[in-house]
Amino acid sequence: MSAPDPSTPRSSSSSIRDRLSKAIADAVAVVAGDQGLDLVVDPSTVHLERPARREHGDWSTNIAMVTAKRAATNPRALASAVVDVLEHPLPDHVVGIELAGPGFINFRLDAGWLHEALAAVLTLGEDGYARPDIGHGEKVQVEFISANPTGPIHVGNGWWGSYGDALARILARSGHKVSREYYVNDTGGQIRTLGTSLLARTRGEDIPEGGYQGQYVTDLAAIYDGPHDVTAAGRWAADRILERIRATLASVGIVFDEWYSQASIEESGAVDETIALLDAKGLVYEQDGATWFRSEQLGDVRDRVLRKADGDATYLAGDLAYHRDKFLIRGFDRVIDVFGADHHGQVASLKAGVEALGVDPDRLEVKLGQMVSLVDGDETVKMGKRAGTAIDLDTVVADIGPDATRILSLMSSLDQAATFDLATVREQSADNPVFYVQMASARIGGVGRKAAERGIVRAPLTDVDLGLLTHPRELEVLRCLEELPEVVADAAIDRAPTKVTTWVRKLASCFHGFYHDCPILADDVDPAVTQARLWLVEASRIGLAIGLGLLGVSAPEAM
RNA sequence: GCCCCUGUAGCUCAGCGGAUAGAGCGUCGGCCUCCGGAGCCGAAAGCGCAGGUUCGAGUCCUGCCAGGGGCACCA
């Protein structure tokens, strides 16, 4: 998966993983030849992992177990033969190979491979390290939030928005051409309802049944001086609300490339064109005065209305025109829509429509964010949107800050209907998961300040012996940093920003352990060791900056 | 009834099909003449139930139980 990296230093021109994979595949080939086994293994398919338990070595492969059956032999015998071949000569950095358990082949390495990894982090730096090219320039659009501009966005939208934005960052770092988009529902019945609500307030009347009750409507009414036309008033209010949404999102670091107007699609005639396109394929019929889409033929549970009896296009019709635009006009290779789970019902018809338009429905991924609930100590924070008691994202950001909001929302997976306790993240709280990570960042900044104070300057990397880093705590930091490129790749492939969150917390943990046990600038530390440790600190800074950057969380130099 | 998601430690959540399942909070017990103790170290405590696939299942499949969310000519 990972391509050879030309900038990895020293004799080797590829990662330790690639070198081990190749050695293993070669050894299997030798054994197969010797024993007349029908067994060819491609190095890229060799499964290598870092065992959880250190006594199982630094790297391990299950190659014998997965191929034994194919070769009609038993795993331990095959593994044993492979080990014999692998042992002369031992691959780079390998100091021991053991056969273990049901047929694992475990490799013990000297610390040199970790020093190599450290040099790679430092050479490539914040911009270049952990940039796995798994996208190969694939053009992907991430559409997320897209909340109706009929009121301030609520915490759930913020949570799923963090996901969408972090996913976009991860995809961009892993070789995809990414565009972030917000679909603005600025037309239809709800905008008229918004207009009706606004106009009622301007006249000092109560909001009619089913209207928008929030205080923001009253506030807007106070400054509205436009025509008493429902649609005009609704659009005007939606524009104002959208501005507020934009500001709220910007406050947590979410910025869109495109705000796509639903009204613009309808006015462009694209909806009619799309319906005509479906009609030409025999997928449209009239019934009860409405225009229907034969979506049931394409996997939906039933047919759907595209144009209502009153002549208005349905949301689905607009959405199909919109997705036609994404795929067939703008040419995205892949579209990822992030919706709340309450929009689950739309997925089948949307997929059916995309397929009907001649687009492979697998190119459309719909990620559903499960419902989020907040708790404040013992108090349950109400989240009901209907009741008008939903908590605004603004409120939470004002309470716990943008960094806490983002990292908190990226700690659990999108599929998890998670509950979060605001009390544990609040500034006053002594123990919370957010500052733990930022504390590592601040300590790194502190080392720099202290070094400057004492007139200690970091020597050029080429003059520093990284081999002096042998303390277990130091090596744990290096192991963690070495994993980052794969973490980024896995997070991109699995669409799982939470993997980055988990990694960042692990790095912070390793760093705190190192910092606690390994003095960097103390008087009794060998200056050569100080130099090596300063570079380890710098590599940690790079790792944290990359990881937190992908999450949209700041890496403060001081707190 | 049908569809989607989820059941992992007292609580909130992590866990590429790998060998003895992790973290934070909470509980109990250690570490501050030392670069930021918002830290470090240790202890007790867990995969809803039943089958299946696999050399190997918390992870994949099926059924059951429990919780959440959907099943509009609303968006």
Side-chain angles (χ1 to χ4, degrees), chain A residues 47 49 51-53 55-56 60 62 64-66 68-69 74-76 100-104 106 146 148 150 185 187-191 193 210 262 287-292 301-302 304-312 314-316 318-319 340-348 366 368-371 373 375 411-421 424 429-436 438-440 442-443 445-451 453-454 456 473 486-487 489-490 493-494 496 498-499 501-502 505-506 509 512-513 515-522 524-525 530 533 537 558-559:
Chain A
H47 182 90
E49 63 184 22
R53 304 183 63 77
E55 62 262 35
H56 294 147
S60 177
N62 64 359
M65 290 179 286
V66 294
K69 182 175 269 186
N74 85 72
R76 282 193 67 100
F104 289 106
N106 296 336
S146 300
N148 297 337
T150 52
N185 285 303
T187 182
Q190 54 171 349
I191 293 298
T193 302
Q262 181 179 359
Q287 186 180 306
D288 303 330
T291 304
W292 292 72
V301 293
R302 41 170 294 202
R304 307 280 172 175
V305 171
L306 293 171
R307 191 170 291 290
K308 298 183 263 178
D310 68 7
D312 276 0
T314 58
Y315 180 83
L316 174 63
D319 215 13
D342 52 338
H343 288 70
H344 162 65
Q346 297 171 211
V347 178
V366 180
L368 296 175
Q370 297 303 311
M371 296 297 149
S373 46
V375 157
M411 288 219 299
S412 57
S413 85
L414 197 69
D415 290 335
Q416 181 73 249
T419 303
F420 297 90
D421 188 348
T424 66
S429 169
D431 299 291
N432 80 63
V434 181
F435 291 157
Y436 180 81
Q438 295 195 322
M439 181 64 196
R443 279 181 152 175
V447 169
R449 285 187 293 277
K450 188 63 75 176
E453 232 172 71
R454 300 188 183 178
I456 297 173
R473 297 286 209 175
E486 281 171 61
V487 170
D490 288 347
I493 291 165
D494 296 343
T498 177
K499 286 177 189 280
T501 313
T502 301
R505 299 214 290 159
K506 180 177 172 186
S509 171
H512 284 309
Y515 185 89
H516 187 268
D517 285 357
C518 302
I520 301 161
L521 302 168
D524 56 350
V525 177
T530 291
R533 286 180 175 166
V537 171
M559 292 172 68

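Proteins get letters first, then strands, A, B, ... in listed order; numbering begins at 1 in each.
Side-chain contact, A/N148 with A/Q190: a donor N or O sits under 3.5 Å from an acceptor N or O. Donor-acceptor pairing under 3.5 Å is recorded for the side chains of A/S373 and A/T419. Of the N and O atoms on the side chains of A/R443 and A/H512, at least one donor lies less than 3.5 Å from an acceptor on the other residue.
Not one side-chain nitrogen or oxygen of A/T501 sits closer than 4.0 Å to the OP1 or OP2 atom of B/A14. For the pair A/R76 and B/A19, the criterion of a side-chain N or O lying under 4.0 Å from OP1 or OP2 is not met. OP1 or OP2 of B/G36 has at least one side-chain nitrogen or oxygen of A/Y515 nearer than 4.0 Å. Contact between the side-chain N/O atoms of A/R473 and the OP1/OP2 oxygens of B/C41 is found at a separation under 4.0 Å. For the OP1/OP2 pair of B/G37 and a distance below 4.0 Å, the side-chain nitrogens and oxygens of A/Y436 include no atom meeting the criterion. Contact annotation: A/K499 does not reach the phosphate of B/A14 (side-chain N/O to OP1 or OP2, under 4.0 Å).
Comparing the P positions of B/C65 and B/G18 gives a spacing of 31 Å, expressed to the nearest Å. With P as the reference atom, B/G24 and B/A9 are 16 Å apart, rounded to whole Å. Distance noted for atom C1' between B/G26 and B/G63: 37 Å (whole Å). Look at the C1' atom in both B/U53 and B/C3: the space between them is 26 Å, to the nearest Å. One P atom belongs to B/C55, the other to B/G39, and the distance between them is 47 Å to the nearest Å. Comparing the C1' positions of B/C16 and B/U59 gives an interatomic distance of 10 Å, to the nearest angstrom.
A donor-acceptor pair under 3.5 Å links the side-chain atoms of A/R454 to the main chain of A/L521, judged by distance alone. Side-chain N or O atoms of A/W292 include none that pairs as donor or acceptor with a backbone N or O of A/L306 at under 3.5 Å. Panel note: side chain A/T314, backbone A/V305; a donor-acceptor pair is recorded below 3.5 Å. Side chain of A/H343 to main chain of A/L368: no donor-acceptor pair is present (N/O by atom type, distance under 3.5 Å, no hydrogens or angles). A/T530 places a side-chain N or O within 3.5 Å of a backbone atom of A/I520 that can act as its donor or acceptor partner. A donor-acceptor distance shorter than 3.5 angstrom exists from the side chain of A/T193 to the backbone of A/G189, with no hydrogens or angles considered. For the pair A/R473 (side chain) and A/Y515 (backbone), a donor-acceptor distance under 3.5 Å is absent.
Nearest-nucleotide positions on RNA chain B for A/E55 and A/R307 put A/E55 closer to the 5' end.
Across all strands, A/K506 comes closer than 4.0 Å to no nucleic acid atom at all (heavy-atom distances). Across all strands, A/A418 comes closer than 4.0 Å only to sugar-phosphate atoms, never to a base (heavy-atom distances). A/R449 comes within 4.0 angstrom of a nucleotide base, judged by non-hydrogen atoms across all strands. Within the nucleic acid shown, A/D288 comes within 4.0 Å of at least one base atom, counting heavy atoms only. A/P519 comes within contact range of at least one nucleobase, with a heavy-atom separation under 4.0 Å. Note on A/N106: a base of the nucleic acid sits closer than 4.0 angstrom, heavy atoms only. At a threshold of 4.0 angstrom between heavy atoms, the contacts of A/H56 include nucleobase atoms, whether or not backbone atoms are also involved. Contact annotation for A/A558: base contact, defined as any heavy-atom pair under 4.0 Å involving a base atom. Among the heavy atoms of the strands lying under 4.0 Å from A/G345 are primed sugar atoms or P, OP1, OP2 only; no base atom is included. Here A/R302 lies in heavy-atom contact (under 4.0 Å) with sugar-phosphate atoms only. Contacts of A/A68 with the nucleic acid, taken as non-hydrogen atoms under 4.0 Å apart, are absent. Residue-level contact check: A/E49 touches the bases, meaning some heavy atom is under 4.0 Å from a base atom. Residue-level contact check: A/Q438 touches neither bases nor backbone, having no heavy atom under 4.0 Å from any strand. Backbone-only contact: A/M411 has heavy atoms under 4.0 Å from sugar-phosphate atoms and none from a base.
Searching all strands for a Watson-Crick or G-U wobble partner of B/G1 with both distances below 3.5 Å returns B/C71. In this structure, B/G42 and B/C28 make a Watson-Crick or G-U wobble pair, each of the two defining distances being under 3.5 angstrom. Here B/C47 sits opposite no nucleotide as a Watson-Crick or G-U wobble pair (both hydrogen-bonding atom distances under 3.5 Å). Look at B/U53: it lacks any Watson-Crick or wobble partner with both distances under 3.5 angstrom. Pair check for B/G22 finds B/C13; Watson-Crick or G-U wobble, both atom distances under 3.5 Å. B/C34 makes up no base pair with any nucleotide shown, lacking Watson-Crick or G-U wobble contacts both under 3.5 Å.
Counting only heavy atoms from C-beta on, A/W292 has its side chain closest to B/C73 among B/G36, B/C40, B/C73. When the nucleotides B/A75, B/C55, B/C73 are ranked by their closest atom to the side chain of A/N148, B/A75 comes out on top.
One cannot find a donor-acceptor pair under 3.5 Å joining the base of B/A75 and the side-chain atoms of A/T150. Taking 3.5 Å as the limit, the base of B/G69 and the side chain of A/D342 contain no donor-acceptor pair of atoms between them. At a cut-off of 3.5 angstrom, counting only N and O atoms as typed in the model, there is no donor on one side facing an acceptor on the other between the side-chain of A/N62 and the base of B/A19.
To the nearest angstrom, C1' of B/A72 lies 14 Å from CG of A/L306.
Residue ring and base: A/H516 does not count as stacked with B/C35 (centre distance below 5.5 Å and interplanar angle below 30° not both satisfied).
Every salt bridge (charged side-chain N to carboxylate O under 4.0 Å, His left out) that A/D494 has, sequence neighbours left out, goes to A/K499.
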Inset, instruction - Summarise protein proximity over nucleotides 2-7 of chain B in one line of letters, 5' to 3': B for base, S for sugar-phosphate only, - for none, counting protein heavy atoms closer than 4.0 Å. - result: -BSSS-

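Nucleotide B/C32 carries a syn base; the chi torsion (O4'-C1'-N9-C4 or O4'-C1'-N1-C2) is within 90° of 0.
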